[in-house]
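Remarks on the structure that follows.
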Amino acid sequence: METVSQIDEEVFLWINGWVGTSLIFDRLVQWVVSDYLIPVVFSVVLLGLWFGWADQAMREQHQRGVMMAGIGVGIANAMVQISNVLYFRPRPFDLIDVELLFYPPTDSSFPANPIAITVSMAAGVWMANRHMGAIMYMIAFAYGFSRVYSGVFYPLDVLGGALIGVSSVYLVYFVLKRIEPVPTLCLRLVRFLCFA
């Protein structure tokens, strides 16, 4: 375990060590790393997928993906909170000298909650629309990289958050499949209430 932690720290230091070599890249990362840009863009994408298709079959498929993403986000968030109660990992800037491009968060570094949330959204969309899901996965990867580059997460924190995000959506997928008339009835109800 000590070796894994040491490798994690070395990779972090290598990535974070590039801060300051390109002012333009640093500014771009500061824009991407924000708490709002990627989560808000992903939320708008989910909203567009929920309401945006004229073809009824495709619309229902997208709504199922959005449903999985939404429930997956809730489960991922709960898993991160439980993990934080059981294990607290200090942030990189608490232990070593880093180039910090972001405000210093105070919660546990492992697992990366923002990454768990955005990957849950991407995984839910992936279940319904592979093309859009792949784009969201790439953006979530860039978001995770920006968090490491900015000095607020170790690479394994991001990986842990991503695994929680993906696993929460796959859990939702299998549960919804098992209780099948219930998701269909829920979608019919929200359509009846003009929410879909």
Side-chain angles (χ1 to χ4, degrees), residues 25 27-83 111-150 153 155 157-196:
F25 189 71
R27 293 289 179 244
L28 176 66
V29 168
Q30 284 177 318
W31 188 61
V32 171
V33 77
S34 94
D35 283 331
Y36 305 107
L37 177 67
I38 303 303
V40 169
V41 167
F42 277 22
S43 298
V44 170
V45 168
L46 292 178
L47 191 64
L49 289 172
W50 184 262
F51 289 107
W53 261 257
D55 177 73
Q56 186 61 36
M58 186 61 86
R59 189 173 190 180
E60 182 169 335
Q61 182 177 334
H62 285 156
Q63 287 172 343
R64 287 179 185 276
V66 171
M67 183 188 312
M68 284 186 277
I71 298 169
V73 164
I75 291 171
N77 200 24
M79 290 170 71
V80 167
Q81 297 308 316
I82 292 167
S83 173
N113 193 25
I115 307 310
I117 300 307
T118 53
V119 169
S120 294
M121 292 178 176
V125 170
W126 170 264
M127 297 293 208
N129 184 323
R130 295 286 198 246
H131 180 72
M132 184 62 71
I135 292 169
M136 289 177 73
Y137 270 132
M138 286 187 287
I139 293 170
F141 172 79
Y143 188 47
F145 176 82
S146 73
R147 290 281 172 135
V148 175
Y149 184 86
S150 298
F153 284 119
D157 302 337
V158 171
L159 181 61
L163 289 175
I164 286 174
V166 168
S167 62
S168 65
V169 170
Y170 276 92
L171 174 68
V172 171
Y173 171 77
F174 289 117
V175 168
L176 290 181
K177 207 170 177 181
R178 289 251 182 224
I179 61 169
E180 178 27 60
V182 175
T184 301
L185 293 173
C186 288
L187 284 175
R188 285 183 187 161
L189 177 63
V190 294
R191 280 192 207 105
F192 176 76
L193 297 172
C194 299
F195 292 126

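The side chain to side chain contact (heavy atoms under 4.5 Å, CB included) search around Leu37 returns Trp31, Ser34, Val41, not counting sequence neighbours. Evaluation of the side chain to side chain donor-acceptor pair (under 3.5 Å) rule for Gln61 yields no partner, not counting sequence neighbours. Residues meeting the side chain to side chain contact (heavy atoms under 4.5 Å, CB included) test with Leu176, sequence neighbours left out: Met67, Met68, Val172, Ile179, Pro183. Listed by chain and residue number, Ile75, Val175 satisfy the side chain to side chain contact (heavy atoms under 4.5 Å, CB included) test with Leu171 (two or more places apart in sequence, or in another chain). With sequence neighbours excluded, the residues satisfying side chain to side chain contact (heavy atoms under 4.5 Å, CB included) with Ser43 are Met121.
Separating the CG atom in Leu189 from the OG1 atom in Thr184 is a distance of 12.5 Å, to the nearest 0.5 Å. Rounded to the nearest 0.5 Å, atoms CD1 (Ile115) and CG (Leu163) are 12.0 Å apart. Annotation: the span from Leu49 atom CG to Arg59 atom CZ amounts to 11.5 Å, rounded to 0.5 Å. Taking CZ from Phe145 and CZ from Phe141, the interatomic distance works out to 7.0 Å, rounded to the nearest 0.5 Å.
The salt bridge (Lys or Arg N to Asp or Glu O under 4.0 Å) analysis of residues 180-189, with sequence neighbours excluded, yields the pairs Arg64-Glu180. Applying the side chain to side chain donor-acceptor pair (under 3.5 Å) definition to pairs two or more places apart or across chains, those involving residues 161-171 are Ser120-Ser168. Residue pairs meeting the salt bridge (Lys or Arg N to Asp or Glu O under 4.0 Å) criterion with at least one partner in residues 138-147, sequence neighbours excluded, are Asp35-Arg147. Judged as a salt bridge (Lys or Arg N to Asp or Glu O under 4.0 Å), the pairs with a partner in residues 157-167 (not counting sequence neighbours) are, in order, Arg89-Asp157.
The shortest distance between side-chain heavy atoms of Tyr149 and Val32 does not fall below 4.5 Å.
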Atom pairs and distances, side-chain donor-acceptor, residues 122-135, under 3.5 Å, sequence neighbours left out:
unit_1: Asn129; atom_1: OD1; unit_2: His131; atom_2: N; d: 3.2
unit_1: Asn129; atom_1: OD1; unit_2: Met132; atom_2: N; d: 3.0
unit_1: Asn129; atom_1: ND2; unit_2: His62; atom_2: NE2; d: 3.2
unit_1: Arg130; atom_1: NH1; unit_2: Trp126; atom_2: O; d: 2.7

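The local environment of OH in Tyr173 is sparse, with at most 12 non-hydrogen atoms from other residues, nucleotides or ligands closer than 6.0 Å.
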Is there a side chain to side chain contact (heavy atoms under 4.5 Å, CB included) between Val166 and Tyr137 once you walk through the steps? CA-CA 10 Å; Val166 168; Tyr137 270 132; 3.9 Å; yes

Please step through side chain to side chain contact (heavy atoms under 4.5 Å, CB included) for the pair Phe42 and Val73, ending with a clear verdict. CA-CA 12 Å; Phe42 277 22; Val73 164; over 6 Å; no

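The two atoms that bring Ser150 and Ser146 nearest to each other are OG-O, 2.7 Å, heavy atoms only. Of all heavy-atom pairs spanning Phe153 and Val158, the tightest one is CB-CG2, 4.0 Å. Of all heavy-atom pairs between Thr118 and Ala140, the closest is OG1-CB, 4.1 Å. Closest approach of Val119 and Ala162 over heavy atoms only: CG1-O, 3.5 Å.
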